[in-house]
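Atom set for the values below is all heavy atoms of this structure, side chains included, hydrogens, waters and symmetry mates excluded. The shown structure was predicted, so the numbers you read here are calculated from the model rather than taken from an experiment.
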Amino acid sequence: MSKIKNAFAGGKAFIAFLTAGDPSAEKTADYILAMEEAGADLIEIGIPFSDPTAEGPVIQEANIRALSKGMTTDGVFGIVEEVRRKSQIPLVFLTYLNPVFHYGYEAFFEKCEELGVDGIIIPDLPYEEKGDLAEIAKTHGVDVISMIAPTSRQRIQMIAKEAKGFLYIVSSMGVTGVRNNIETDIPAIVSSIREVTDIPAAVGFGISTPDQAETMAAASDGAIVGSAIVKLIEKHKDHAEEALREYVKTMKAAVKSAE
């Protein structure tokens, strides 16, 4: 069983996102370990990029802060290397195509394999255009994780049939960010997925409260939280461990209560 699938083996999964290098490389590694200790099942690490088209203001600003402090793709690999000295939690990169293309597909995924990066999410890479990248990633044991948006209705099963790792269901139209209400019919999307695959499917975009996490997890296999975590880090900067632990414990409990 892959480490990504293993993240869902114990029931509903809580997936946490943070931006690498915000507030620093050292603290990013510390915060990943703190969230694992608090119950996170999988960590998404955002590779900072100047034009993150799927991100709202909170994560955009985190990207800017990280880049302004000199964070690079190699710097992110350094964070993974530090985490892997202490943890085998599943790790997934979230980035955009340009940084991977600039690094070189072969070199990038070879480094992922070397350091134990289990998957990658690339929001601006259309399903139909992932061929070369996905083949190279596969040779290095890295799952290219597909996203399914509310507008994907005619393509859900096509995408799901070839899904690797887990499916990322986008809860709402637009970019990442905290939302008061999530109105997408997640059960209908999951039902369509289940007609063609049993791969885990988790919901992200807009989830910030325990009630939202429980509702989304009840309809799927897990909940993904990003902006709310990035906001905590922005608020507490170098002293966010305790706040992150408490938040992740609360959200993990909410996700588990959906089982």
Side-chain angles (χ1 to χ4, degrees), residues 3-4 6-48 55-56 58-59 61-63 65-66 69 71 76 78-94 116-119 166 176-179 202-218 220-259:
K3 281 198 290 184
I4 290 177
N6 193 49
F8 296 86
K12 307 285 186 178
F14 178 70
I15 299 171
F17 169 92
L18 81 176
T19 300
D22 182 38
S24 67
E26 179 183 5
K27 283 299 178 181
T28 300
D30 289 345
Y31 294 164
I32 290 170
L33 297 171
M35 290 194 291
E36 179 187 17
E37 291 170 6
D41 299 290
L42 184 152
I43 304 289
E44 289 180 15
I45 303 173
I47 298 178
E55 313 300 352
V58 171
I59 297 177
E61 290 166 8
N63 276 265
R65 288 193 298 271
K69 294 177 182 178
M71 182 51 57
V76 181
I79 292 169
V80 173
E81 186 173 13
E82 181 62 29
V83 171
R84 283 290 178 243
R85 292 192 179 103
K86 301 176 182 177
S87 170
Q88 290 304 310
I89 188 171
L91 296 176
V92 170
F93 281 152
L94 191 150
V117 177
D118 305 292
F166 74 94
T176 58
V178 173
R179 288 173 171 79
V203 183
F205 278 53
I207 299 171
S208 62
T209 69
D211 285 347
Q212 289 173 333
E214 182 177 359
T215 299
M216 294 300 102
S220 67
D221 298 302
I224 305 164
V225 175
S227 292
I229 288 170
V230 173
K231 285 179 74 173
L232 280 176
I233 293 171
E234 179 185 8
K235 178 180 179 181
H236 296 282
K237 298 181 176 60
D238 289 342
H239 307 285
E241 281 100 332
E242 192 56 39
L244 289 171
R245 284 193 185 95
E246 290 305 311
Y247 181 75
V248 170
K249 284 178 183 177
T250 300
M251 296 297 278
K252 172 69 174 184
V255 168
K256 294 299 286 183
S257 69
E259 293 179 355

Hey, could you give me the CG/CD distance between L18 and E44, rounded to the nearest 0.5 Å?
10.0 Å

What distance separates E214 CD from M251 CE, expressed to the nearest 0.5 Å?
10.5 Å

Between I47 and N63, what is the shortest heavy-atom contact and its length?
O-OD1, 4.0 Å

Non-hydrogen atoms of L33 and S87 that approach each other most closely
CD2-CB, 3.6 Å

Rounded to the nearest 0.5 Å, the CD1 atom of I224 sits from the CZ atom of F166 at a distance of 4.5 Å

Looking at R84 and E81, is there a salt bridge between them, counting it only when a charged N and a carboxylate O are closer than 4.0 Å?
no

Taking NZ, NE, NH1 and NH2 as the nitrogens, is one of them in D41 or K12 under 4.0 Å from a carboxylate oxygen of the other?
no

Test F8 against I15 for side-chain contact (heavy atoms from CB on, under 4.5 Å), laying out the working first.
CA-CA 10 Å; F8 296 86; I15 299 171; 3.9 Å; yes

Check whether any side-chain heavy atom of T19 lies under 4.5 Å from a side-chain heavy atom of R65, and answer yes or no.
no

If I take atom CD1 from residue I43 and atom OH from residue Y31, how far apart are they, to the nearest 0.5 angstrom?
13.5 Å

E234/K231 salt bridge by N-O under 4.0 Å criterion:
no

M35 to A16 - nearest heavy-atom pair and separation:
SD-CB, 3.8 Å

Closest non-hydrogen atoms of A20 and V76, given as atom of the first, atom of the second and distance, are CB-CG2, 3.7 Å

When rounded to the nearest 0.5 Å, the distance separating CD1 of I89 from CD1 of I32 is 8.5 Å

Taking K69 for the side chain and P23 for the main chain, is one N or O donor matched with an acceptor at less than 3.5 Å?
yes

Heavy atoms only: give me the nearest V230-A62 pair and the separation to one decimal.
CG1-CB, 3.6 Å

Closest approach of G21 to T28 (non-hydrogen atoms, all atoms of both residues)
N-OG1, 3.0 Å

Applying side-chain contact (heavy atoms from CB on, under 4.5 Å), run through K256 and E259 and close with a yes or a no.
CA-CA 6 Å; K256 294 299 286 183; E259 293 179 355; 2.7 Å; yes

To the nearest 0.5 angstrom, please state how far the CD atom of E37 sits from the NZ atom of K86.
9.5 Å

Hey, mind stepping through K27 and E241 against side-chain contact (heavy atoms from CB on, under 4.5 Å) and telling me if it holds?
CA-CA 9 Å; K27 283 299 178 181; E241 281 100 332; 3.3 Å; yes

Any side-chain heavy-atom pair from K252 and K249 closer than 4.5 angstrom?
no

